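Structure first, then comments.
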Amino acid sequence: MDKAVAALLLSVGLHSLGAAALDNGLAITPQMGWDTWNSFACSLNETVILDAAKKIVSLGFRDLGYEYVVLDDCWSAGRNSSGYLVPNKEKFPNGISDLADKIHASGLKIGIYSSAGTMTCARYAGSLGYEEKDAAVWASWGIDYLKYDNCYNQGEEGTPKLSFDRYNKMGKALNVTGRPILYSLCNWGVDGPWNFAPTIANSWRTSGDLSNVWDREDVNCPCQEKEGIDCKLPGYHCSVMNVLNKAVYYPSKAIPGAWNDLDMLQVGNGGLTDEEAKAHFSLRAALKSPPLMTNVMTKTDAPTLSILQNTAVLAVSQDPLGSSANRIWRYYVDDVDSNGKGEIQLFSGPLSGGDQLALFLNAGSEDRNMNASLVDIFWEDGADGTAQQIGYSWDIHDLWANRMSNETANAIINGMASGSNGTMNMTAMGGARKVYSQVPLPSSSKELMGSKVGSVKASGTVTAHVKAHGVAMLRLRQQNNKDEL
Ligand code: GAL
């Protein structure tokens with residue numbers, strides 16, 4: 001059996017064999033792209049979208065795999081007399097079909113938004129009862145992606161079956177069009193979509209809307225992780241830590257073609273420190289949450305670019321194995337933030353080529369050294385598997401060690417990517433993207449492996465200095481792994 005296939009079967013576990021993700025062949029790795037909502041809300045229009053698309057191409061995002069440009073809420077002007085949705089003429093004077101052509105011509109794909117209710121969350125026409133008409137019109141415009149929300153759902157929720165049936169209707173309608181349309185559920189985790197959505201959708205939101213904040217008590221997102229996983233209210237204004245702590249219970253539900261979606265990225269939107277933005281981006285990659293950028297593309301600054309284009313982290317997100325990392329442990333610490341909270345966590349999980357991810361999260365308010373034994377890092381392999389893994393020697397690679405310099409990022413932003421720095425850099429990115437699909441990855445590539453920072457074996461521990469509200473993201477590779485090195 002092919003090694004990659006064998007590894008994949010191992011990672012999804014025998015219980016999952018036979019359970020297939022939505023069979024549309026899409027999102028085999030978590031979908032990447034950009035969405036209008038966090039930065040533009042209802043002020044989206046053709047210019048905003050084409051300007052963003054232009055930057056996604058010229059700044060090199062497209063070539064790294066960020067391919068979907070998603071029009072979120074507020075694009076529509078209701079229905080025509082035949083019951084078909086029509087775009088808002090002021091916002092889209094040339095229509096959405098024309099916009100789709102332009103987006104396609106630049107090598108990108110286009111997404112749209114609706115709600116499985118009578119209205120969208122911003123109170124535009126919803127798709128409940130119009131599934132086939134809406135899917136047909138989107139397909140006729142050339143739409144490649146649907147984000148499908150949960151507002152005004154007429155009370156058709158409360159049991160997984162009710163939610164499944166309502167969302168399944170649209171899934172079927174999309175399939176009927178014959179056009180491959182990525183199906184992204186946005187029901188905020190209501191009724192446990194990780195249980196009912198994998199067979200009908202490519203991704204599902206795990207909780208309420210993510211705020212642009214690291215951690216904060218918020219009455220609108222009342223469900224704290226300490227209350228367990230039975231929180232009924234999806235909430236909104238949820239912090240990075242709140243969303244993370246709700247999503248750690250079902251990593252195994254994520255499989256190629258069907259992903260847990262922890263909501264879009266807030267990198268570059270001003271609410272997170274650089275360290276927090278790196279941590280947020282890293283954790284999304286580890287948990288295989290689709291990386292959808294939401295920053296104002298035309299104002300991308302150097303630190304934002306170098307986070308979103310960290311190829312070593314993206315390679316974890318897009319790893320061919322498609323296996324979400326597990327949280328192995330979590331401890332509360334004394335150095336707390338203004339909410340009286342502070343905690344540290346270890347995540348780990350397999351990567352292609354026999355590599356292993358180890359991610360330390362320090363959500364305390366002080367920098368600290370963190371460490372973990374190989375037994376912890378390979379905990380999910382079971383007793384025999386762990387014993388086998390700790391018998392090897394492992395090289396440790398820091399995936400943030402080769403973050404692009406501000407100088408290089410600015411050269412790209414200022415359109416000077418043809419100079420020595422820019423050229424080198426863009427070449428490296430192209431190369432890195434190509435190897436996402438190869439198993440194993442060549443360890444010679446710094447763009448993928450970061451930098452080697454040490455090694456460990458048997459009873460040794462992996463140690464990292466982790467800044468407050470930060471992570472250390474490490475890739476372990478067996479020293480005796482001679483494959484394609
Ligand atoms: C929310 C959704 C957001 C955004 C918004 C639009 O329900 O979670 O991501 O799409 O609706 O109104």
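What you see is a predicted model; the values in this text were computed from it and never measured. Counting starts at 1 for both ligands and their atoms, in listed order.
Contact analysis leaves T120 out of contact with ligand 1, as no non-hydrogen atom separation drops below 4.0 angstrom.
The number of heavy-atom neighbours closer than 6.0 Å to NZ of K467, taken from other residues, nucleotides and ligands shown, is 12 or below.
Using a 4.0 Å cut-off between heavy atoms, Y236 makes no contact with ligand 1 at all. When non-hydrogen atoms are compared, ligand 1 lies under 4.0 Å from neither the backbone nor the side chain of C151.
Ring-plane geometry between H469 and W214 is classed as parallel, the angle between the planes falling under 30 degrees on a 0 to 90 degree scale with a further cut at 60.
Residue contacts with ligand 1: W188 is placed with a nitrogen or oxygen under 3.5 Å of a nitrogen or oxygen of the ligand (distance criterion only). Checked by distance only, ligand 1 and D263 stay at 3.5 Å or farther apart across all their nitrogen or oxygen atoms.
Rounding to the nearest 0.5 Å places CH2 of W34 at 10.0 Å from CG of D72. Here SG of C186 is found 14.0 Å from CH2 of W204. Values are rounded to the nearest 0.5 Å. Rounding to the nearest 0.5 Å gives a distance of 12.5 Å between CE of M293 and CE of M264.
Nearest-heavy-atom check against atom 6 (C) of ligand 1 across L210, N187, D35, D73 picks out D73. Considering only non-hydrogen atoms, atom 10 (O) of ligand 1 lies nearest to D72 out of D72, V70, N38, T36.
In this structure, atom 1 (C) of ligand 1 lies nearest to the protein heavy atom D149 OD2, 3.1 Å. Regarding atom 8 (O) of ligand 1, its nearest protein heavy-atom neighbour is D209 OD1, 2.5 Å. Looking only at heavy atoms of the protein, atom 5 (C) of ligand 1 is closest to W37 CE2, 3.6 Å.
When each atom of ligand 1 is checked for a heavy atom of K147 under 4.0 Å away, the hits are 3 (C), 4 (C), 9 (O), 10 (O). For ligand 1, the atoms closer than 4.0 angstrom to any heavy atom of C121 are 7 (O), 11 (O), 12 (O). Every atom of ligand 1 is numbered from 1 in the order shown, and the set under 4.0 Å from a heavy atom of C186 is 2 (C), 8 (O). Those atoms of ligand 1 with a heavy atom of Y113 less than 4.0 angstrom away are 6 (C), 10 (O), 11 (O), 12 (O).
Residues satisfying the side-chain hydrogen bond (donor to acceptor under 3.5 Å, both in side chains) criterion with H237, sequence neighbours excluded, are D218, N220.
Between the side chains of N24 and N202, at least one donor N or O lies within less than 3.5 Å of an accepting N or O.
When every heavy atom of V466 is checked against every heavy atom of N362, the shortest pair comes out as O-ND2, 3.1 Å.
Proximity of a side-chain donor or acceptor of T120 to a complementary backbone N or O of S114 within less than 3.5 Å is not detected.
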